[in-house]
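The structure appears right after this line, and notes come after that.
Naming convention: chains lettered A, B, ... in sequence-line order (proteins, then strands); numbering from 1 in each chain.
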Protein chains: 2
Amino acid sequence: MATPADATRPHRAPLNTQAVLRAAVALADESGVDALSMRKLAQALGVAPMALYKHVDGKDELLDGMIEVVIGEIDPPEPGVEWKTAIRRRVLSARQMLLRHPWASQVIEARTKVRPTPAVLAYMDTMIEIFRSGGLSVDLTHHALHTMGSRLLGFSQELFNESGGDDQEPDPETSRAMAEQYPNITALVTAITHDEGSVVGAGCDDQFEFEFALDLLLNGLERLHDAAS
Amino acid sequence: MATPADATRPHRAPLNTQAVLRAAVALADESGVDALSMRKLAQALGVAPMALYKHVDGKDELLDGMIEVVIGEIDPPEPGVEWKTAIRRRVLSARQMLLRHPWASQVIEARTKVRPTPAVLAYMDTMIEIFRSGGLSVDLTHHALHTMGSRLLGFSQELFNESGGDDQEPDPETSRAMAEQYPNITALVTAITHDEGSVVGAGCDDQFEFEFALDLLLNGLERLHDAAS
DNA sequence: ACCTGAACACCGTTCAAGT
DNA sequence: ACCTGAACACCGTTCAAGT
């Protein structure tokens, strides 16, 4: 008869999404993200490969979940701090996270090109809020995002380029939901595109932004050089 | 009898490395680098998968070869041009290349982490030469590389971080060969590490460089904000 | 010298089945 | 509700063989 003490009873805690994500992060930290496969992750959890699909929708969603985990490790913004200091501390905290998870920049970059995760959007939203609360204009904040690039996330790949792979126009309901959840992104994009409907930066001149950032860097370097001469 | 006009004669030009690389670049341009497999590339060339291995050593070397092809599309440096203009033109040329080959930034980043290709090293070397010829000090040039990051290559991921995955110390002969081929990289690294033997920037304080770049950007943004107020 | 076919050890994922 | 096993359509690559 099968009792709770039956020898065939599995002697591990039942799986859940958080446990799967944490195991995936640990496995990627140890062996790199290229060595992370659904099959190896299942093996590490002592489970059949297909058991994972009850808790994550597939490999892409697993990677998205791992992003949520590591973004959650970045320090929250501190209220009442001058904008430059606030941005600086947060970016350095993001950098510390990336040093703990060397695979994260690559995964965040790749997945963000397809569709940014909610945690990435929320992070960017709070960063925009810091700039705007500091008194920077919408235009300058917009340029700042491009100039900082993904330095905002502790590394420096341009995010949100190629106007996002998500071609379809969002319907009005999701637009409104987006505006509620990410008010600063919405306000900035609205101000820049002058078109309430679009949420992704359709009205953004990539070439101009690239040159803006480039010249900001070059002028800064020149100033340092002149000061040293 | 088998004559040149034999019906069984293959009616395509014989394969060579350049043809393989060009086909791979074209396939990645069309379908993205994730869809690029040895098998699909072979199919596109009308050949068995294993035929490719006579011309490239494997998939990693195929990717390296593709990098050489696209780096070769960047305009060469123009002599006798002021350093800021020279850097600016070259970076914008690199950016145009990346717009033609959207997969390239990802591939260059991933492969450079393992081992930079000769074309990438040569490109960086000429960029350093432009800075140094413009009179910038070795230290400022070093900071400039970190500040510009991979904006130097038209995108903005930090390259050469993690001190390169290539752990083993190069033997004296290859060090000397490196110094001949990439004199500016060598001079800069030597000046920074004060250690002739090491070629990769072992003496580079990543944290300091990150903050240097960050502050350069933030100070530049602040100056623009102040000027606008 | 150049190309092929079969085979091996991997993938992610669907499906029907177990408990 | 949660997990499994077999199977499918893919990978990159080795090996022995063809011409």
Return the set of residues passing side chain to side chain donor-acceptor pair (under 3.5 Å) with B:R39 (not counting sequence neighbours), or none when no residue passes.
-> none
Between A:D34 (CG) and C:dC10 (C1'), how many Å, whole number?
-> 14 Å
note: B:R39, atom CZ; C:dC11, atom P; distance rounded to Å ~ 15 Å
Identify all side-chain donor-acceptor contacts of residues 59-72 of chain B below 3.5 Å with residues at least two apart in sequence or on another chain.
residue	atom	partner	partner atom	Å
B:K59	NZ	B:L36	O	2.8
B:D64	OD1	B:R111	NE	2.8
B:D64	OD2	B:R111	NH2	3.0
B:E68	OE1	B:A119	N	3.0
B:E68	OE2	B:T117	OG1	2.4

A:L62 CG to C:dC11 P: how many Å, rounded?
-> 14 Å
Give one of base, sugar-phosphate or nothing for B:K59, where a contact means two heavy atoms less than 4.0 Å apart.
-> sugar-phosphate
State whether the side chain of B:T126 and the backbone N or O of B:Y123 hold a donor-acceptor pair below 3.5 Å, judged by distance alone.
-> yes
Distance in angstrom units between B:L36 CG and D:dC10 P, rounded | 16 Å
Atom-pair distance (CE on B:M38; P on D:dC10), nearest Å = 18 Å
Hey, is the side chain of A:H55 poking within less than 4.0 Å of OP1 or OP2 on D:dC3, counting only N and O atoms?
-> yes
Hey, does A:A51 reach any base, or is it just sugar-phosphate, or nothing, if we go heavy atoms under 4.0 Å?
-> base
Please assess B:Q106 against B:D34 for the test side-chain contact (heavy atoms from CB on, under 4.5 Å), listing each intermediate value before the final yes or no.
-> CA-CA 11 Å; B:Q106 181 183 332; B:D34 285 342; 4.2 Å; yes
Report yes if a side-chain nitrogen or oxygen of B:K54 is closer than 4.0 Å to either non-bridging phosphate oxygen (OP1 or OP2) of C:dT4; otherwise report no.
-> no
Decide yes or no for B:M38 and B:P49: does some side-chain heavy atom of the first lie under 4.5 Å from some side-chain heavy atom of the second?
-> no
Length of the CG-P vector between A:L27 and C:dC11, whole Å = 11 Å
Is the shortest heavy-atom distance from the side chain of A:L121 to the side chain of A:M124 under 4.5 Å?
-> no
At what distance, to the nearest 0.5 angstrom, does CD1 of A:I87 lie from CZ of A:R90?
-> 8.5 Å
Side chain of A:K40: nearest nucleotide among C:dT4, D:dT13, C:dC11?
-> C:dC11
Within less than 4.0 Å of OP1 or OP2 of D:dT13, is there a side-chain N or O belonging to B:Y53?
-> yes
B:Q43 CD to C:dC3 P: how many Å, rounded?
-> 17 Å
Identify whether any heavy atom of B:M50 sits under 4.0 Å from a base atom; if not, whether one sits that close to sugar-phosphate; answer base, sugar-phosphate or nothing.
-> base
Mind checking which stems touch DNA chain D? I mean at least 3 consecutive Watson-Crick or G-U pairs, both distances under 3.5 Å.
-> C:4-8 with D:12-16, C:12-16 with D:4-8
From CG of A:L15 across to P of D:dA1 the rounded distance in Å is 17 Å
